Amino acid sequence: MSAKIIDGRQIAAKIRATLKEKISVLPLKPHLAIILVGNDDASVIYVRNKQKFAQEIGMRTTLYHLPETTDSAAVLQLIEKLNNDKDVNGIIVQLPLPDHFNVHEVIHQISPLKDVDGFHPYNTGMLQNNEDPYFIAATPLGIMKLIQNVETELSGKNVVIIGASLIVGRPLATLLLNHECTVTVTHIHTRNIKELTRKADIVVAACGVANMVKNDWIKKGATLIDVGINRLEGKICGDIDFADVCGTAGAITPVPGGVGPMTIAMLLQNTVDAYFLQNK
Ligand code: GUN
């Protein structure tokens, strides 16, 4: 038996098609402002893809591509200007920022009503309280859709998330807890990760280590979500050793074509939601 492939590309394309239809009848097109500081290779590609897919569904984007040496005050000032601009619905600051920035200070500056990345403490705090935030971070939201594509009932499921980042591991753990899962979040100090993942119904790997999760790490029939994008011997691979686990897993996301396209689709969805939130 070979694992079912969870096709993130196809699920994301459906979501974008729905958004495109929604946007087509609006008098003014939703507008996403993107701030990119410096020229981190991966960030430049991510931002280009965000703009490309936004354009395809009829959404407006403005990119503020600032030099690496830009000081924090200038970015805070730009965010304030965008917060007050009624023509801007969503604001994202592409991460990571150069080392001279305090990332928390920058994120706190974004109005929670325009924080379509869902990183502002108002939004993360509301999620933590199991109340309704304005926005939930795009990658965890996309991962939930991928899991729900194969798991009809989440209540009581054991989930192990490998990686405790602010962007993926922490908000995803909260989301899954809010869906009545029993969640374990592992990090670099966790001992015997393998002993934990072997008991999990669902494993989400977001650790950034190429092919770390092997066949003897997983339970038969487990659902595996791979957030990793690593380059190994010139090829893109995930944090899960796809070929190794394929015969044991019940379902798995490919890399590329799994979580990546869903992250962008969810960001676009959040920006459309922002438009309606601000134009009630
Ligand atoms: N860097 C990696 N993922 C993300 C994301 O989802 N949003 C932003 N702003 N930066 C990122």
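We use all heavy atoms of the structure for the numbers below, so side chains are in, but hydrogens, waters and symmetry mates are not. In each ligand, atom 1 is the first atom listed, and ligand 1 is the first ligand listed. Owing to the predicted nature of the structure, the values given are computational and were not obtained by experimental measurement.
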With only distance considered, is Y46 within less than 3.5 Å of ligand 1 through an N or O on each side?
-> no
Within 4.0 Å of some non-hydrogen atom of V93, the atoms of ligand 1 are 8 (C), 9 (N)
Without hydrogens or angle criteria, can the side chains of H65 and N39 be said to hold a donor-acceptor pair below 3.5 Å?
-> yes
From the options I167, L36, I91, L95, select the one whose nearest heavy atom is closest to atom 1 (N) of ligand 1.
-> L95
State whether the number of non-hydrogen atoms from other residues, nucleotides or ligands found under 6.0 Å of E56 atom CD is greater than 12.
-> yes
Top protein contact for atom 6 (O) of ligand 1, by heavy-atom distance | D117 OD1, 3.9 Å
Might you confirm whether atom NZ of K22 has over 12 heavy atoms from other residues, nucleotides or ligands at distances under 6.0 Å?
-> no
Taking atom OG of S111 and atom CG of N83, what is their separation to the nearest 0.5 Å?
-> 5.0 Å
Top protein contact for atom 11 (C) of ligand 1, by heavy-atom distance | Q94 NE2, 3.3 Å
Member of T62, N89, T61 meeting the side-chain hydrogen bond (donor to acceptor under 3.5 Å, both in side chains) criterion with H31 = T62
